[in-house]
Structure formats: C-alpha cells, structure tokens
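Take a look at the structure below.
Worth knowing before you read on, the calculation uses all heavy atoms, side chains too, and leaves out hydrogens, waters and symmetry mates. Residue numbering restarts at 1 for every chain, and letters A, B, ... go by the order of the sequence lines.
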Amino acid sequence: MSLESFFSRPAVAVARDLIGALLSVEKVGGIIVETEAYEPDDPASHSYRGQTSRNRAMFGQPGRAYVYRSYGMHWCLNFVCLPGSAVLIRALEPTHGLDRMAVRRGTTQPRLLCSGPGRLTQALGVDGSMDGLRLDEPPFVLTLASSIHPVATGPRIGITRAVEYPWRFGLVGSPYLSCRFPDVGMTA
DNA sequence: GACTCGATTTCCT
DNA sequence: GGAAATCGAGTCG
C-alpha cells in the first residue's frame with residue numbers, strides 16, 4: 001500500500017493503524033506507540049473553522065507533515081490524512097539514534113526522550129521548517145507496521161473541546177506512553 | 001492594532 | 001498539585 005492511499009482515509013482509522021509503525025527523522029526515531037485523531041468536523045481540531053495560514057498543510061495532500069508551534073515553545077508533529085484531518089504523533093518507543101535524542105533532550109532516561117508530543121519533536125529535531133513535507137522522502141522515513149498490535153483507546157489529552165471523543169490510541173502495555181489509558185475501551 | 005489562549009513541559013512548594 | 005515559560009495565530013474591535 002502506498003503512503004498516499006494509506007493516508008487517504010479518516011484520521012481515526014489512520015491513527016489506529018499507525019500504532020507500531022517505525023518513524024525516523026535523519027536516522028533518529030522509533031516505534032509509534034501513541035497517536036490522536038483530529039477530524040474536520042471536530043471542535044478540537046485546528047481545521048474546524050476552515051483553512052488558515054497555520055493549518056494550511058492540513059488541507060493539502062495526504063501523507064504530508066503538519067507541524068505547528070504549541071504554547072509558544074514546543075513543536076507538534078502531525079500526519080495529514082483526508083483534507084482537514086490529521087493524526088498527532090504523541091509518543092515513540094525510541095529505537096534509533098538514542099545518543100542524539102539524549103543530547104537534544106538533556107536526559108538519558110529513555111522514558112523522557114519521546115513520551116509526549118513536544119518531547120518527541122525535540123528529540124527528533126522536528127521544527128516548523130518541515131511543515132508540509134512528504135513523509136516518504138528525506139528527512140522522514142516511515143515504515144508501516146507489518147502486523148496487528150493490541151491498541152488501547154481513550155479520550156484525547158490537553159484539549160478543552162470535544163473531550164469525550166475517544167480518539168487517542170496507544171500500544172497496549174507500552175512503557176513509553178505519555179500517560180496511562182483508562183482500562184476501558186481496549187480492543188485487539 | 002491589542003488581546004487571549006493553547007493538541008505542553010518543567011520546576012517549585 | 002500548581003504555576004511559569006513564551007509567542008504567534010486567531011479573534012475582535
């Protein structure tokens with residue numbers, strides 16, 4: 001399956017299927033263990049009120065990066081799906097370039113390298129210059145999971161609207177999640 | 001133009 | 001558990 005067709009689906013489906021995929025930026029990265037979906041008709045989504053200069057990439061081609069600044073200090077990395085929808089990458093299990101991550105993050109504790117959207121972008125060196133770039137070309141390498149993983153679902157983190165949508169997905173049992181999932185909503 | 005507030009992290013008490 | 005740090009897009013006037 002091409003990346004374009006993989007991402008030409010609703011963000012909720014893509015977010016679930018991304019769990020277990022390998023993501024790296026300039027050879028630094030790991031296994032995706034936590035994602036969140038944002039849809040066009042979703043009050044918590046940047047695309048909810050239509051296209052703007054910031055969220056322009058969300059309305060572009062599927063399979064591209066959408067990178068934006070959060071709280072004036074962090075970058076957040078998303079993968080664009082159907083127009084106006086995207087998947088926020090919230091946590092990785094670090095597998096490649098741990099030394100470079102440690103320098104960027106200022107810690108060697110594996111759990112603190114990529115567990116959280118802001119930590120992950122800092123560890124991988126993702127910034128606004130990568131907004132709109134293809135995920136199947138340098139500096140990105142994305143290898144989709146070859147097998148099905150047990151995935152937990154739950155409410156998204158850190159938002160104020162549509163808090164009830166269970167659009168957060170995580171690899172069951174991973175110690176690298178940004179925070180625990182409720183014990184409900186778990187599926188195989 | 002000015003103001004508000006966030007898809008967060010860290011450090012302090 | 002709580003607040004600071006930090007800034008630009010979005011909103012309103």
Side-chain angles (χ1 to χ4, degrees), chain A residues 7 10-19 21 23 25 30 32-60 62 64-94 101-133 135 151-171 175-182 185:
Chain A
F7 283 105
V12 171
V14 174
R16 165 182 295 273
D17 291 346
L18 278 172
I19 301 299
L23 168 69
V25 180
I32 297 174
V33 298
E34 185 180 340
T35 61
E36 282 179 2
Y38 290 88
E39 301 281 6
D41 58 351
D42 167 12
S45 174
H46 288 172
S47 61
Y48 184 60
R49 295 170 191 278
Q51 184 172 342
T52 66
S53 59
R54 173 177 63 161
N55 67 22
R56 169 178 43 84
M58 280 186 87
F59 294 87
R64 307 240 178 179
Y66 166 44
V67 182
Y68 71 93
R69 193 192 283 284
S70 176
Y71 288 85
M73 60 188 83
H74 308 291
W75 294 104
C76 287
L77 172 64
N78 300 253
F79 293 169
V80 177
C81 303
L82 289 174
S85 67
V87 175
L88 171 68
I89 309 302
R90 288 191 54 90
L92 299 183
E93 174 181 338
M101 290 186 191
V103 170
R104 288 165 173 164
R105 291 279 304 124
T107 178
T108 57
Q109 297 182 54
R111 272 232 34 180
L112 297 180
L113 293 177
C114 300
S115 296
R119 292 170 176 170
L120 179 156
T121 53
Q122 186 183 23
L124 270 55
V126 170
D127 63 33
S129 69
M130 297 175 188
D131 185 42
L133 297 187
L135 296 172
V151 174
T153 65
R156 293 173 291 182
I157 306 296
I159 58 174
T160 57
R161 288 163 296 202
V163 294
E164 70 279 11
Y165 293 21
W167 286 355
R168 175 178 175 235
F169 302 91
L171 180 61
Y176 295 98
L177 299 173
S178 65
C179 63
R180 297 193 100 77
F181 280 78

Which parts of nucleotides 4-13 of chain C does protein reach within less than 4.0 Å, heavy atoms only, written one letter per nucleotide 5' to 3' as B for base, S for sugar-phosphate only and - for none? -BBB-SSS--
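Between A:Thr35 and the options A:Leu88, A:Val14, A:Ile19, a side chain to side chain contact (heavy atoms under 4.5 Å, CB included) holds for only A:Ile19. A:Ile89 pairs with exactly one of A:Thr121, A:Asn78, A:Leu18, A:Val126 by the side chain to side chain contact (heavy atoms under 4.5 Å, CB included) rule, that one being A:Leu18.
Counting non-hydrogen atoms of other residues, nucleotides and ligands closer than 6.0 Å to CD of A:Glu164 gives a total above 12. With a 6.0 Å radius and a threshold of 12 heavy atoms from other residues, nucleotides or ligands, A:Tyr165 has its OH atom above the threshold.
Taken to the nearest 0.5 Å, the SG atom of A:Cys81 stands 13.0 Å off from the OH atom of A:Tyr38.
Without hydrogens or angle criteria, A:Gln51 side chain to A:Phe59 main chain gives no donor-acceptor distance under 3.5 Å. Judged by distance alone, with hydrogens and angles left aside, the side-chain atoms of A:Arg111 form a donor-acceptor pair with the main-chain N or O of A:Pro175 at under 3.5 Å.
Within the cation-pi definition used here (under 6.0 Å to the ring centroid, within 45° of the axis), A:Arg54 qualifies as a partner of A:Tyr68.
B:dA2: Watson-Crick or G-U partner is C:dT11, with both key distances under 3.5 Å. Checking B:dA7 for Watson-Crick or G-U wobble geometry (two distances, each under 3.5 Å) identifies no partner in any strand.
With 3.5 Å as the limit, one finds a donor-acceptor pair spanning the side chains of A:Arg105 and A:Gln122.
Heavy-atom distances under 4.0 Å link DNA chain B to A:Ile157, A:Gly158, A:Ile159 of residues 156-168 of chain A, given in residue order.
Here the closest heavy-atom approach between residue A:Cys76 and residue A:Ser70 is recorded as SG-CB, 4.0 Å.
On the nucleic acid side, DNA chain B contacts chain A at distances under 4.0 Å to non-hydrogen atoms, with the end points of that region at B:dG6 to B:dT10.
For the P atoms, the distance from B:dC5 to C:dA3 is 16 Å, rounded to whole Å.
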